[in-house]
Amino acid sequence: MATYVFSLDSRDEEKLELSWDGIDYQDRPIHIMLGGNEIGVIPDKKALREGQVFSLPDGSAIHIQQIKQKGLQIFHSGKQLSIISPTQRARSDVATYRLATSVIDCIGWYTMLLGVVVLITGAFSAVGTFALYWIITGIVFLVLGYFARQAYILSLIIALIYYALDTASLIILLAQGSYLMIAGIVLHLCLMVPLYRGIAPLRRLMEEKV
């Protein structure tokens, strides 16, 4: 279970804890604890984005919300709380890992939908024979994305290897004169970077959990 700890006072004596199963809080119920007692639960991503207010024993209140471009924000009586843990590096690792899983999902949806469009419309006759392969590849990446979000590092590694092999096949086709593959190769190389960069942060996060 991952935990974020926030200070409610300048001396860090009173602490608010937010805990959830797994690594990424966006896909999990968040439990709010104060002094070892649970004061509330944020059930899902929708509720987190809308923002939730919880009353404290002293009569004050905290406001918790996922704000676009800013991440998880906690306010106590209008004042933003400072985070005690995890460290800045750990939070950076989570962001890098989250980007890698998002890229896997994007690859899956884009590849599958492209295959469906080509298969149905018969467009791009030069690459029409790849339609079924694209659909299967898209489904594979969506499955890998699901398991990667559950913090299975092997899923991230398989996705990177799979995409690297797919990139190699495009390079072979380019060498045979299929110049339409140039754009695909550039896109593949760009997307492989966040996939590769997500492996080490996920490994560190899993080691810290243990």
Side-chain angles (χ1 to χ4, degrees), residues 2 20-30 43-50 66-69 71-72 92-203 205-206:
W20 56 89
D21 292 328
I23 292 175
D24 192 348
Y25 60 81
Q26 294 194 70
D27 297 319
R28 310 284 183 170
I30 299 177
D44 52 35
K45 185 187 299 184
K46 181 176 182 293
L48 181 60
R49 289 177 175 174
E50 291 174 349
Q66 170 76 14
I67 300 178
K68 191 175 182 180
Q69 306 299 332
L72 187 63
S92 176
D93 283 346
V94 170
T96 304
Y97 153 71
R98 188 181 298 158
L99 175 60
T101 59
S102 297
V103 167
I104 295 176
D105 288 337
C106 288
I107 292 172
W109 284 113
Y110 169 78
T111 306
M112 184 177 68
L113 292 176
L114 178 62
V116 170
V117 169
V118 172
L119 187 65
I120 293 176
T121 64
F124 311 111
S125 58
V127 294
T129 54
F130 292 97
L132 186 58
Y133 167 74
W134 285 337
I135 294 173
I136 294 173
T137 295
I139 294 173
V140 168
F141 269 86
L142 290 176
V143 172
L144 289 173
Y146 170 80
F147 284 106
R149 289 194 302 276
Q150 311 309 310
Y152 287 98
I153 193 168
L154 185 60
S155 298
L156 202 53
I157 295 172
I158 292 174
L160 176 61
I161 294 174
Y162 195 129
Y163 214 50
L165 292 174
D166 194 58
T167 304
S169 68
L170 293 182
I171 294 174
I172 292 173
L173 290 173
L174 175 63
Q176 294 175 349
S178 299
Y179 297 107
L180 290 174
M181 301 300 161
I182 294 177
I185 293 171
V186 173
L187 178 62
H188 277 55
L189 292 175
C190 290
L191 293 179
M192 283 172 61
V193 174
L195 292 182
Y196 173 76
R197 292 185 60 192
I199 294 174
L202 178 55
R203 182 179 288 113
L205 290 167
M206 295 306 297

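This is a predicted model, so every value here is computed, not measured.
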Just verifying a value: how many Å separate [X] [atom1] and [Y] [atom2], rounded to the nearest 0.5 Å?
| X | Y | atom1 | atom2 | value |
| --- | --- | --- | --- | --- |
| L160 | L165 | CG | CG | 9.5 Å |
| M192 | I107 | CE | CD1 | 9.5 Å |
| T96 | I199 | OG1 | CD1 | 12.5 Å |
| C106 | L142 | SG | CG | 10.0 Å |
| I185 | S169 | CD1 | OG | 8.5 Å |
| L144 | I139 | CG | CD1 | 12.0 Å |

So, do [X] and [Y] sit near enough that their side-chain heavy atoms are less than 4.5 Å apart?
| X | Y | answer |
| --- | --- | --- |
| I158 | S155 | no |
| V140 | Y162 | yes |
| I104 | F147 | no |
| T111 | D166 | no |

Specify the closest pair of heavy atoms between P194 and V103, including all atoms of both residues, with the distance to one decimal.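 Between these two residues, the closest heavy atoms are CG-CG2, 3.7 Å.
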
Contact summary for A100 and L156, nearest pair of heavy atoms: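 For A100 and L156, the tightest heavy-atom pair comes out as CB-CD1, 3.9 Å.
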
I need the single residue from D93, L99, T101 that forms a side chain to side chain contact (heavy atoms under 4.5 Å, CB included) with Y97. Which is it?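 That would be T101; it is the only one of D93, L99, T101 passing the side chain to side chain contact (heavy atoms under 4.5 Å, CB included) with Y97.
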
Using the ring of each side chain (for Trp, its six-membered ring), is Y163 parallel, tilted or perpendicular to H188, with breaks at 30° and 60°?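 Taking H188 first and then Y163, their aromatic rings lie parallel (interplane angle under 30°).
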
